[in-house]
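Everything below concerns the one structure shown next.
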Amino acid sequence: GGRRWAAFFVPRAAAGRRVPPPHVHPFAIVMNLSSLGWDDFFASAFQSHASSGLLPARVAVEHRHACVLLSAAGDFTATCTGRLLHDTLDRSSLPAVGDWVAIQPRAGSARADGTAQADIHAVLPRRSAVSRGAPGGNHLIQVLAANIDTVFLVTGLDGNFNLRRIERLLTAARASGAQPVVVLNKADLHPDSRAAEASVKAVARTTPVAILSAACDPDLAPLEPWLLPGATVAFLGSSGVGKSTLINRLLGADRLATGTVSAAVGKGRHTTTRRELMVLPGGALVIDTPGLRELQLGEADDDDLASVFDDIAALAARCRFHDCAHEAEPGCAIRAALNDGTLDRSRWESYRKLCREQAYAARRVDLQLARASRDAWKKIHRAYRQRCQFERDSE
Ligand code: GDP
Ligand code: ZN
């Protein structure tokens with residue numbers, strides 16, 4: 001029951017978020033739930049688990065066989081219960097970084113460094129998820145990060161600068177359910193950064209655009225509107241655009257420079273752990289998982305494309321035929337707009353390319369779904385055979 005774990009809760013006054021001095025491991029200080037991103041959405045999903053005496057915790061690192069969790073009761077190293085693994089038919093439903101989970105701490109497992117062990121009984125529904133089609137095929141979709149509020153889509157205003165890449169990132173981000181913000185970094189390297197910003201705004205449409213220089217600006221004020229206490233953000237974009245530089249500046253320390261957070265544990269033993277969910281000094285949370293950085297189209301669908309290319313969707317709605325292929329049909333509003341220059345030809349080509357990729361990805365997901373349901377049936381049959389065996393043995 002709930003009382004058994006009461007000792008894991010700290011008094012309210014002690015649970016407030018304090019900014020740790022730089023030499024202290026930030027999670028040695030107990031966090032309260034809302035500073036970890038907890039809100040009514042998760043609280044209502046958690047009700048049934050609360051009545052079973054479970055505690056809420058958030059996944060900070062996902063290893064192959066265990067997760068590191070943050071909670072109001074401190075850190076936990078946790079594994080899924082056999083039952084959760086058994087009832088879960090596809091990998092995308094297992095805990096990912098950013099997920100809220102329902103846990104039962106293991107009695108007597110608390111250690112001096114403030115960590116303890118726990119069992120994960122359930123994964124709460126996600127508000128958003130950045131996913132990709134997992135390589136190898138038989139594991140369906142892989143969730144790279146869950147419950148992100150804002151995704152910063154980072155591009156460098158140097159040789160890397162490309163409007164088509166921004167359209168691609170926007171489409172992929174739209175599918176995640178997180179709010180995208182386009183970040184134009186390395187403003188110092190562009191001869192006319194204001195003109196570049198204007199061309200990006202034309203492509204980003206209603207999506208906010210922030211322009212800055214992570215290396216030169218005295219502060220990162222353009223990002224502040226989204227870095228609210230308890231808000232979860234992530235930085236996406238190609239390698240070299242400045243994601244680590246941005247995150248390091250926000251962390252106020254070179255924590256990512258080596259890709260690790262070092263913590264001396266035990267007598268002379270030095271272990272390195274890499275937190276993938278980190279708390280910024282201002283109280284926002286940042287998720288930085290390796291796979292998250294190079295986002296692919298994954299689960300984007302027709303609606304996601306239509307919302308990113310809403311100008312094209314509006315034009316297509318004006319074609320004479322509702323199934324117009326925009327090739328040679330009379331009364332095609334798209335061709336008319338291309339001819340008079342209202343629609344940029346490279347934007348149109350970018351849209352067509354993303355449509356083709358999206359259709360290809362959707363077919364691949366369908367195939368994987370078919371395979372997954374076959375695997376699910378195999379699992380059910382196996383369980384059935386085992387039960388029959390058990391019943392025979394116990395006769
Ligand atoms: P990541 O791969 O996206 O994490 O990129 P990094 O943060 O490692 O940055 C790649 C390179 O770009 C590094 O050499 C940074 O110092 C440099 N860089 C990052 N931000 C800026 C910037 O605003 N201006 C300039 N000139 N260089 C930057
Ligand atoms: Zn048309």
Checklist entry - Arg58 and Ser71: side-chain donor and acceptor closer than 3.5 Å? => result no
Checklist entry - Is a side-chain donor-acceptor pair under 3.5 Å present for Ser35 with Asn32? => result yes
[atom2] on [Y] to [atom1] on [X], rounded to 0.5 Å:
X      : Y      : atom1 : atom2 : result
Leu69  : Thr77  : CG    : OG1   : 7.5 Å
His326 : Asp323 : NE2   : CG    : 9.5 Å
Gln179 : Arg174 : CD    : CZ    : 9.0 Å
Asp75  : Gln117 : CG    : CD    : 12.5 Å
Ser346 : Arg164 : OG    : CZ    : 4.0 Å
Leu250 : Glu224 : CG    : CD    : 9.0 Å

Heavy atoms, side chains only, cut-off 4.5 Å: are [X] and [Y] in contact?
X      : Y      : value
Val68  : Glu62  : no
Asp119 : Arg106 : yes
Phe152 : Pro180 : no
Leu70  : Leu277 : yes
Val154 : Leu246 : yes
Leu223 : Leu212 : yes
Thr81  : Leu85  : no
Leu153 : Leu170 : yes

Next on the checklist: Hydrophobic clustering (ILVMFWY, side-chain heavy atoms < 4.5 Å, transitive) - are Val143 and Val286 grouped together?
Outcome noted: no
[X] versus [Y], closest heavy-atom pair with distance:
X      : Y      : value
Gly37  : Trp100 : C-CZ2, 3.9 Å
Ser93  : Val123 : O-CG2, 3.6 Å
Leu285 : Gly230 : CD1-O, 3.7 Å
Leu280 : Leu227 : CD1-CD2, 4.2 Å
Ser199 : Leu163 : O-CD2, 3.8 Å
Thr245 : Ala214 : CG2-CB, 3.9 Å

Next on the checklist: Apply side-chain contact (heavy atoms from CB on, under 4.5 Å) to residues Ile120 and Leu94 and explain how you reach the verdict.
Outcome noted: CA-CA 10 Å; Ile120 300 173; Leu94 290 176; over 6 Å; no
Using modelled atom types and a 3.5 Å cut-off, is there a donor and acceptor pairing between side-chain atoms of [X] and backbone atoms of [Y]?
X      : Y      : value
Asn147 : Gly98  : yes
Ser52  : Ser48  : yes
Ser128 : Ile148 : yes
Lys243 : Leu236 : no
Ser193 : His190 : no
Asp99  : Val101 : no
Asp192 : Ala195 : yes
Asp288 : Glu276 : no
Thr171 : Glu167 : yes

Charged N to carboxylate O under 4.0 angstrom, [X] versus [Y]?
X      : Y      : answer
Arg335 : Glu327 : no
Asp311 : Arg347 : yes
Glu329 : Arg320 : no
Arg345 : Glu349 : no

Checklist entry - Looking at Ser109, Pro105, Cys67, which hits side chain to side chain contact (heavy atoms under 4.5 Å, CB included) with Phe76? => result Pro105
Checklist entry - Would the number of heavy atoms belonging to other residues, nucleotides or ligands and lying under 6.0 Å from CZ of Arg83 be above 12? => result no
Next on the checklist: Counting only heavy atoms from other residues, nucleotides and ligands, does the tally under 6.0 Å from CG of Asp40 exceed 12?
Outcome noted: no
Checklist entry - Parallel, tilted or perpendicular: which describes the rings of Phe46 and Trp38, with under 30° parallel and over 60° perpendicular? => result perpendicular
Checklist entry - Would Asn185 and Thr155 satisfy side-chain contact (heavy atoms from CB on, under 4.5 Å), going step by step from the backbone distance to the final call? => result CA-CA 6 Å; Asn185 186 33; Thr155 327; over 6 Å; no
Next on the checklist: Assess the residue pair Val233 and Ile287 against the criterion (side-chain contact (heavy atoms from CB on, under 4.5 Å)); give the C-alpha distance rounded to whole Å, side-chain angles, the decisive distance to 0.1 Å, and a yes or no.
Outcome noted: CA-CA 6 Å; Val233 305; Ile287 294 184; over 6 Å; no
Next on the checklist: Applying side-chain contact (heavy atoms from CB on, under 4.5 Å) to Leu157 and Leu189, what does each step give before you reach the verdict?
Outcome noted: CA-CA 6 Å; Leu157 284 177; Leu189 295 183; 5.9 Å; no
